[in-house]
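These notes are about the structure you will find just below.
What you are looking at is a predicted structure, and each value in this text was computed from that prediction instead of being measured. Here is the naming used below: chain letters follow the sequence lines, and residue numbers restart at 1 for every chain.
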There are 4 protein chains.
Amino acid sequence: MSAQPRTARGTRTRARLLAAAEEVFASAGYHDASIVKITEQAGIGLGTFYLYFAGKQEIFDEVVDDLNARVRHAMTEAARTAGTRLEAERAGFRAFFRFTAEHPALYRIIRQAEFVSPAAQRRHYENIVRSYVHGLAAAQEAGEVRPVDPEVAAWALMGMGELFGMRYILWEAEDRGAGGPRVEIPDRVLDELMGIIQRGLAPAPAPADRPREDASHE
Amino acid sequence: MSAQPRTARGTRTRARLLAAAEEVFASAGYHDASIVKITEQAGIGLGTFYLYFAGKQEIFDEVVDDLNARVRHAMTEAARTAGTRLEAERAGFRAFFRFTAEHPALYRIIRQAEFVSPAAQRRHYENIVRSYVHGLAAAQEAGEVRPVDPEVAAWALMGMGELFGMRYILWEAEDRGAGGPRVEIPDRVLDELMGIIQRGLAPAPAPADRPREDASHE
Amino acid sequence: MSAQPRTARGTRTRARLLAAAEEVFASAGYHDASIVKITEQAGIGLGTFYLYFAGKQEIFDEVVDDLNARVRHAMTEAARTAGTRLEAERAGFRAFFRFTAEHPALYRIIRQAEFVSPAAQRRHYENIVRSYVHGLAAAQEAGEVRPVDPEVAAWALMGMGELFGMRYILWEAEDRGAGGPRVEIPDRVLDELMGIIQRGLAPAPAPADRPREDASHE
Amino acid sequence: MSAQPRTARGTRTRARLLAAAEEVFASAGYHDASIVKITEQAGIGLGTFYLYFAGKQEIFDEVVDDLNARVRHAMTEAARTAGTRLEAERAGFRAFFRFTAEHPALYRIIRQAEFVSPAAQRRHYENIVRSYVHGLAAAQEAGEVRPVDPEVAAWALMGMGELFGMRYILWEAEDRGAGGPRVEIPDRVLDELMGIIQRGLAPAPAPADRPREDASHE
DNA sequence: AATGAATGAGAGTTCATTCAT
DNA sequence: GATGAATGAACTCTCATTCAT
């Protein structure tokens with residue numbers, strides 16, 4: 001386990017290392033992210049790194065967990081204010097895409113984790129699924145979502161989010177070049193996506209009358 | 001560009017290198033996949049590698065493109081025999097999951113490509129999307145799929161496929177250990193997934209019943 | 001030169017450092033004995049070390065000199081009560097072996113000194129030789145030891161002691177494992193050794209008695 | 001295990017590495033003998049080292065075993081031509097001292113082995129003891145050596161040789177400075193030493209002549 | 001066409017030592 | 001008197017690539 005600092009100065013140093021590592025892992029990738037680069041980015045000496053982390057892998061894991069906590073926080077915060085489950089879903093997606101735009105590190109780092117730290121990667125996805133399942137199960141009890149297996153639905157939602165984030169945030173950002181305003185997912189695309197999700201998860205209409213299948217949305 | 005062999009013997013050597021590279025990249029990851037490992041796996045001399053490939057990156061790209069072609073072939077072959085578009089989708093997913101189970105390399109290698117060869121990764125996803133868009137557009141003309149933007153729908157399908165492959169094929173395989181029969185996606189899970197997709201993409205009911213289904217959304 | 005403590009507390013700290021250093025040098029070897037390990041073993045802060053010692057080499061030298069003084073003390077104490085020189089020799093050997101068993105540090109540290117601090121090593125051997133020479137010269141005057149060059153005899157005695165200590169104390173201890181009672185040199189071995197020494201150093205018999213003492217040799 | 005070269009060039013390279021390692025270990029000590037120094041001394045590239053040796057420890061072990069074989073060869077060769085056992089002993093010692101003078105590496109490296117490779121060190125001493133025991137046992141059967149435990153006698157001889165080599169060869173050489181002719185052990189010293197050994201191991205005279213030689217020792 | 005010996009830049013990591021607190 | 005955060009030179013080791021055979 002990584003050593004905890006015992007002084008305020010140490011705490012600051014450790015935090016700077018984590019922030020630097022996030023940046024370097026995101027821009028250079030795990031393997032090209034040398035400890036030297038991380039410490040230079042953090043503005044501290046090379047040896048200092050090893051006062052706080054046992055090695056590269058360890059700080060990587062911590063960065064993954066940190067990003068995971070932050071993205072989940074952003075998503076649940078956004079969803080909290082929504083009315084229906086579908087509004088919550090839309091708000092959660094928006095928050096996720098926004099986080100992706102602001103922290104491309106999340107994306108790139110999670111994918112790296114495939115080989116670098118499978119356990120951390122799994123933790124990441126499972127944490128998010130857990131959030132989704134929690135929300136979906138509640139919505140099902142309220143009759144807002146049809147009784148599909150919430151875990152299956154959660155993976156479906158997360159899969160769509162993952163690739164839309166890649167396609168409509170990261171690729172756009174790359175194509176536009178480094179500078180420029182934050183990329184947002186186009187409303188049109190988000191609408192289409194939410195339409196698919198909504199219809200996919202909407203409760204079955206009462207057998208006789210299903211006149212307003214989409215009435216609740218928005 | 002990689003040199004093409006001029007003799008039958010050379011052709012065989014090159015093919016062995018590609019097969020070995022796929023295996024080594026999948027099991028060790030790009031960075032730990034040394035040229036020595038690849039040539040040892042292929043049973044040829046180290047120097048020989050450079051007769052056929054300019055370097056590690058180049059053979060990686062070729063492995064990506066090769067896997068991409070094979071998985072698309074498997075998917076379209078499976079879909080070709082299906083009746084409706086949704087049956088085709090189901091068959092395509094099945095084929096994709098089967099391919100994932102048989103070639104975990106696909107998965108692991110594509111994710112690696114994020115940093116190793118972004119262009120190859122993008123090519124991979126875009127190729128698959130193109131297939132989907134092709135099929136969806138045709139289905140829309142036939143009235144089998146509602147008029148969503150086929151590209152958006154394609155990314156949604158691919159996203160779900162990607163994470164379901166990870167969750168229900170790769171993770172299962174890991175949890176079960178090395179030996180054992182090929183992992184299949186549980187029918188129950190595939191049914192639930194296809195249900196969501198079907199409802200999400202199903203054409204709107206007859207105009208008389210639902211005149212303005214999407215009208216409200218911004 | 002190392003700083004001398006000015007308070008009782010400082011004296012205690014310095015002593016703890018020396019004791020810790022002896023232990024760590026003996027178990028880990030000079031190079032793997034980091035200052036951190038020594039200060040941890042001593043239960044004091046890292047920086048405190050440099051209040052009392054100029055560096056690693058200096059504390060090493062002091063440990064060597066300390067062990068040297070202690071082993072010589074043990075040997076002369078033991079020899080002091082003996083009757084004849086040969087009895088004194090036997091008692092001295094016993095004491096040396098006992099010290100070796102109780103302080104394997106002596107051995108390991110002296111051998112390390114070969115490169116780490118040749119001067120300290122030389123001091124160690126010369127100090128012991130001086131003791132031996134002193135005793136042998138006195139015994140020669142008393143007619144108990146034949147008139148060999150006492151320094152040559154001293155080195156011979158010390159050489160035997162050194163390797164017997166290694167072979168019959170340290171190796172035995174290693175072979176028996178960590179726990180267990182203190183290893184003693186077997187009486188049989190000590191008897192044989194003392195027999196060789198005794199005959200080697202015994203005074204020539206009275207001229208009348210020794211008609212053919214050396215007759216066999218060469 | 002260290003890789004064996006497959007070509008003549010490789011064989012030459014490996015031999016140069018071993019020779020360079022012997023020199024560097026002897027002059028700098030194990031810990032200060034970096035792989036860089038060894039390869040520079042050998043005149044080859046750093047990376048080449050790892051084609052032939054798994055690491056520093058491995059080449060060290062091989063150097064120890066190599067030196068051990070050579071010193072034993074020198075000793076047995078010298079002893080082979082001698083007449084009596086005691087002449088053989090004297091010739092063996094001479095050869096040992098000569099080898100020590102020509103290859104101070106032996107000495108310094110064996111002492112290092114205490115921590116670096118205890119197994120190799122033990123192998124070294126046991127090999128030499130075995131030689132001695134072999135010779136002593138034969139001499140005992142011939143009545144040239146008294147019936148002491150040959151192993152005890154062997155350790156005694158080796159102990160004396162070890163410290164005389166240090167005192168009269170290495171220290172002399174150091175005191176005389178780098179240049180200069182090879183140091184030889186002074187005849188006077190060797191004579192005194194052999195006298196002690198001779199008397200120590202000489203067979204007991206006919207009972208009538210020396211009735212109570214061992215009576216005093218307990 | 002095929003080989004494997006050779007290379008050296010660059011990686012992760014350690015640790016004696018300094019110094020502000 | 002005591003501390004521990006900070007440092008960077010120096011270490012061992014890896015590996016993509018070159019080239020003589």
- Query: Would you call R122(B) and E174(A) a salt bridge, taking side-chain N to carboxylate O under 4.0 Å as the test?
  - Reply: yes
- Item | First encountered from the 5' end of DNA chain E, between G55(A) and P5(D) | P5(D)
- Salt-bridge test for R108(D) and E22(D): reply yes if a basic N is under 4.0 Å from a carboxylate O, no otherwise. no
- Can you tell me if the side-chain N/O atoms of T13(A) get under 4.0 Å from OP1 or OP2 in dA6(F)? yes
- Message: Can you work out whether S34(B) or L46(C) has the more 5'-proximal nearest nucleotide on DNA chain F?
- Response: L46(C)
- Message: Whole angstroms only, please: what is the CD-P distance between E40(B) and dG4(E)?
- Response: 10 Å
- Task: Specify the closest pair of heavy atoms between E58(C) and A54(C), including all atoms of both residues, with the distance to one decimal.
- Result: OE1-N, 3.2 Å
- Message: Rounding to an integer number of Å, can you tell me how far Q4(D) CD sits from dA5(E) C1'?
- Response: 15 Å
- Rounded interatomic separation in angstrom, taking CZ from F53(C) and P from dT18(E): 16 Å
- Please report, rounded to the nearest Å, how far the P atom of dA5(F) is from the CD1 atom of I44(A). 12 Å
- Y52(A) side chain, from C-beta outward: closest of dT7(F), dA2(F), dA6(F): dA6(F)
- Message: Heavy atoms from C-beta onward define the side chain here; which of dA16(E), dT14(E), dA6(F) lies closest to that of Y50(A)?
- Response: dT14(E)
- Should the pair R14(C)-E62(C) be classified as a salt bridge under the 4.0 Å nitrogen-to-oxygen rule? yes
- Residue L51(B), side-chain atoms from C-beta onward, closest of dA2(E), dT17(F), dA16(E): dA2(E)
- Message: Side chain of I35(D), heavy atoms from C-beta onward: which of dA5(E), dA6(E), dT12(F) has the nearest atom to it?
- Response: dT12(F)
- Relative to the 5' end of DNA chain F, which residue comes earlier, D32(B) or D32(D), by the nucleotide with the nearest heavy atom? D32(D)
- Query: Among the nucleotides dT14(F), dA16(F), dA6(E), which one has an atom lying closest to any side-chain atom of K56(B)?
  - Reply: dA16(F)
